[in-house]
There are 2 protein chains.
Amino acid sequence: MARPRQFDEDRALDAAMRTFWECGYEATSTQDLCTATGLGRSSIYNTFRSKRELFARSLARYLDTMAEAQDAVLEDTSRPPAQRVRALLDKIVSDEFDHRPHGRSLGCLGVNSTVELAARDPEAARLLDRDAARRLRTLSAVIAAGQRDGSIASTRGSDALARYVNAVIGGMRIAAQGGADRAAVQSVADTALDALTS
Amino acid sequence: MARPRQFDEDRALDAAMRTFWECGYEATSTQDLCTATGLGRSSIYNTFRSKRELFARSLARYLDTMAEAQDAVLEDTSRPPAQRVRALLDKIVSDEFDHRPHGRSLGCLGVNSTVELAARDPEAARLLDRDAARRLRTLSAVIAAGQRDGSIASTRGSDALARYVNAVIGGMRIAAQGGADRAAVQSVADTALDALTS
DNA sequence: GTGGTTTTGTATTGATCGGTTCAGAACTTG
DNA sequence: CAAGTTCTGAACCGATCAATACAAAACCAC
């Protein structure tokens, strides 16, 4: 019925997401987005209505992808729950130190957006809230299972422990972004687990 | 010999710092800085050479003020070392939940700048590195003292424990910025201490 | 006061911002 | 092929960006 798109919308969204991830929302210009996606302005504004909406879709995509990856680790029933939590923290270390495009960690787009936008952009805040709730739900369930089978000895509530682990993850990402080396971030993960197993 | 300033440079710096703290570097315009400080553009550019330099001075001032406050808590010899670490975490909670200008936590300008600028602005990265090193030094010394007097039972190295506590602090700030309530952030602090006392 | 120096407010710089317009190329459907 | 629709590229929009120019006002030393 009409001319089809000459580009893959998902690939464009991925490129935009990476740009927001690297530079942040404010520091990313629409020209940067054109360059990164290889699209013209018209195509971008025709497909995604504005920079803001493109960002929102980028963030939603990122959060969904990451939460799925996290859930995959946490719901791997071939391991006992406590080891799944450890595997999750180890994955964070890998995330931060493998494949660094420009020598420094990019951190986590979720954390970065929380810092840059949560107080100012209600839609971003909504996406981030939903994501946090989802991740905490999975974490809490796994920790509760670990408490039942004895691999997690802490008697604190599983919700509190989940919030704790989630906060540590954020702290590890900040540390990596601040230039901490891999061993230092790994030792944060190792130490953090002491609070669960004791 | 000439006309004196009609404003207090330190007060202007404070106002600028608050603006950067609330909005971030990129989202703060020079007009915002004029409004916040009550100065004209000429006065700002005459006193601080550029937006970037004004930011650098704001950040340096913030980091110095905060590090001093942290050191004051950690070096309060009227308490045993372990309690000082607890007091530090409690102070973070207070920082995040007392005096919120717009209902949401502003987080920490140091954390915020790490996320927004550490990868892109070498001078900001330098200031943040120096600050992290300073805070880790004090923390590590206090933790080592706690290990000697037995109030901190963990047998991990005091440097690793210091990095851990520092990461938890960052995670607590992210959590608060993400909308977590006070009890939730406090429970992160409480749980985090389990890793030291066990 | 006067000269010399600095600050200050206003106007303005060129560049870039996010976003729109529009003509024509490109494609599907019939 | 032709009609109808969508996509694309380039020019362009007013607004705003960080930063500067400049002249008048304000002040100190003399």
Honestly, is K51(B) close enough over Y25(B), meaning NZ or CZ under 6.0 Å from the six-membered ring centre and within 45° of the axis? yes

Looking at residues 120-128 of chain B, who's got a heavy atom less than 4.0 Å off DNA chain C? none

Any sub-3.5 Å donor-acceptor pair from S140(A)'s side-chain atoms to R137(A)'s backbone N or O? no

What residues, two or more places apart in sequence or in another chain, satisfy side chain to side chain donor-acceptor pair (under 3.5 Å) together with R41(B)? T30(B), Q31(B)

Does any non-hydrogen side-chain atom of F48(A) lie less than 4.5 Å from one of L13(A)? yes

Answer yes or no: is there a side-chain heavy-atom contact under 4.5 Å between V185(B) and E96(B)? no

At a 4.0 Å cut-off to heavy atoms of chain B, the contacted part of DNA chain D spans dC17(D) to dA29(D)

Please identify each residue that fulfils side chain to side chain contact (heavy atoms under 4.5 Å, CB included) with R100(B), with sequence neighbours left out. F97(B), S105(B)

Name every residue in residues 5-12 of chain B that has at least one heavy atom under 4.0 Å from any atom of DNA chain C, in order of residue number, or write none if there are no such residues. R5(B), Q6(B), F7(B)

Taking only residues two or more places apart in sequence, or in another chain, which ones meet Y62(B) in a ring pair (Phe, Tyr, Trp, His ring centres under 6.0 Å)? W21(B)

Side chains of Q177(B) and N112(B): does their closest heavy-atom pair fall under 4.5 Å? yes

Could you work out, with side chain to side chain donor-acceptor pair (under 3.5 Å) as the rule, every residue matching R148(A), not counting sequence neighbours? none

Min side-chain heavy-atom separation F7(B)-T47(B) under 4.5 Å: yes

Taken in chain and number order and not counting sequence neighbours, the residues that satisfy side chain to side chain donor-acceptor pair (under 3.5 Å) with D98(B) are R182(B)

Pick the nucleotide of DNA chain D nearest each of P4(A) and K51(B); which residue has the one closer to the 5' end? P4(A)

Which parts of residues 13-45 of chain A get close to DNA chain C, meaning a heavy atom less than 4.0 angstrom away? T28(A), S29(A), T30(A), R41(A), S42(A), Y45(A)

Electrostatic pair R86(B)-D190(B), nearest N-O below 4.0 angstrom: yes

Not counting sequence neighbours, list each pair that qualifies as a ring-ring contact (aromatic ring centres under 6.0 Å, His included) and has a residue in residues 161-198 of chain A. none

Do V73(B) and D76(B) make a side-chain contact, defined as non-hydrogen atoms from C-beta onward lying under 4.5 Å apart? no

Please identify the 5'-most and 3'-most nucleotides of DNA chain C with any atom under 4.0 angstrom from a heavy atom of chain B. dG4(C) to dA11(C)

Check each residue of residues 54-62 of chain A for a non-hydrogen atom within less than 4.0 Å of any atom in DNA chain D, then write out the ones that pass by number, or none. none

Taking atom CZ as the centre, does R49(B) end up with more than 12 heavy-atom neighbours from other residues, nucleotides or ligands that are less than 6.0 angstrom away? no

